[in-house]
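The model shown is predicted, which means the values in this text are computed figures rather than measured ones.
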Amino acid sequence: MRNTAKISTAVLAAGALAFGLSACGSGSSSTASDTSGPLVVAASPTPHAEILDYVKDHLAKKAGLDLEVKEFTDYITPNTATEDGSVGANYFQNQPYLDDFNAKRGTHIVPVVTVHLEPLGLYSHKVKKADALKSGATIAVPNDAVNEARALKLLAANHLITLKDGVGNNATPQDIVKNPKKLAFKEVEAAQTPRSLDDVDAAVVNGNYAISAGLKPAKDALVLESAKNNPYGNFLAVKKGNEKDPRVKKLAKLLTSPEVKKFIEDKYQGSVVPSF
């Protein structure tokens, strides 16, 4: 049986409140500071928690690591819980997202080791090719700054739109300079993009949410991010100062082991790509 705690919406809200209160206090709880206890890692359910569960079930005991996995379905609470010490680490995000999060929320989360890439993809229930999108089609995109920019860059790379030069990770729909199909954009929470597919012409969906919704990025995406020189690899992260925690160092080594690489390749068949 998987020893994974699933976090309810109520608990997520309580965690966010706890973070707001703890930000005025002295810092970490015993979860992060007591290195003799289990390492509690916050993770998105797919593929992050699945990869961690593989480590827990097959590799951790031999390495002397007591690992506990907590699943979160949002992109905020894992960082706030890491900051306040409710968990010792998290595994769900990429560098542009973390940079934006730390800057906006005053957190002090740092990456430890990059593990995998989840290619972002454009999906549709209405067309089978991107160039079949009709004039005026509505595209759902994630509403957080980093993933929205990433989505627009994906569309630009596939010649559906053209962005201003140099906008990079700050791109918004206002930075579109050419839009030959007159595409309209609907901003929704990243986790809701798969559910929006019945209401829009297409949606740009993060890899983990695509897999959770039963989509196969390598097969079902109309267009898919290239893994080459991609800055969006997902990593294990901790609050600054905890990088040398022996439990974290053990987990980092296990997450970049040949066994985990094979697990990712076999299980996800190109929908998740090892980054090591």
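For the pair Leu224/Leu154, no side-chain contact is recorded, criterion being any heavy-atom separation below 4.5 Å from C-beta on. The shortest distance between side-chain heavy atoms of Glu148 and Asn143 does not fall below 4.5 Å. With a 4.5 Å cut-off on side-chain heavy atoms, Ile161 and Leu183 count as touching. Residues Tyr75 and Val146 have side chains not in contact (no heavy-atom distance under 4.5 Å, counting atoms from C-beta outward). A heavy-atom distance below 4.5 Å is not found between the side chains of Arg195 and Glu189. The closest side-chain heavy-atom distance from Asn206 to Arg150 is below 4.5 Å.
Between Phe263 and Tyr54, the ring planes are parallel. Angles under 30° get that label, and only those over 60° would be called perpendicular.
Leu117 CG to Ser226 OG: the interatomic distance, rounded to the nearest 0.5 Å, is 9.0 Å. Between atom CG of residue Leu120 and atom CD of residue Glu225 there is a gap of 4.5 Å, rounded to the nearest 0.5 Å. Between atom CZ of residue Phe101 and atom CD1 of residue Ile76 there is a gap of 6.0 Å, rounded to the nearest 0.5 Å. Interatomic distance, NE2 of His58 versus CG of Asp53, reported as 9.5 Å (0.5 Å rounding). Of the inter-residue distances, the one linking Lys250 atom NZ with Leu59 atom CG reads 13.5 Å to the nearest 0.5 angstrom. Annotation: the span from Leu222 atom CG to Lys128 atom NZ amounts to 11.0 Å, rounded to 0.5 Å.
Side chains of Asn242 and Asp245: no donor on one and acceptor on the other come within 3.5 Å. There is a side-chain donor-acceptor pair under 3.5 Å between Thr82 and Asn90. Defined by atom type and a distance below 3.5 Å, a donor-acceptor pair is missing between the side-chain atoms of Asn79 and Glu83.
The two residues Gly214 and Asp220 come nearest to each other via the heavy atoms O-OD2, 4.4 Å.
Results of the side-chain contact (heavy atoms from CB on, under 4.5 Å) test with Ile139 over Leu152, Val204, Leu160 single out Val204 as the only residue that passes.
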Walk me through it: do Leu215 and Leu197 pass the test side chain to side chain contact (heavy atoms under 4.5 Å, CB included)? CA-CA 11 Å; Leu215 297 168; Leu197 283 168; 4.2 Å; yes
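Here the two rings, on Tyr91 and His116, have centers that are under 6.0 Å apart. You'll find the ring centres of Tyr123 and Tyr209 outside the 6.0 Å limit.
Classification of Lys129 and Asp131 as a salt-bridged pair fails, no side-chain N sitting under 4.0 Å from a carboxylate O.
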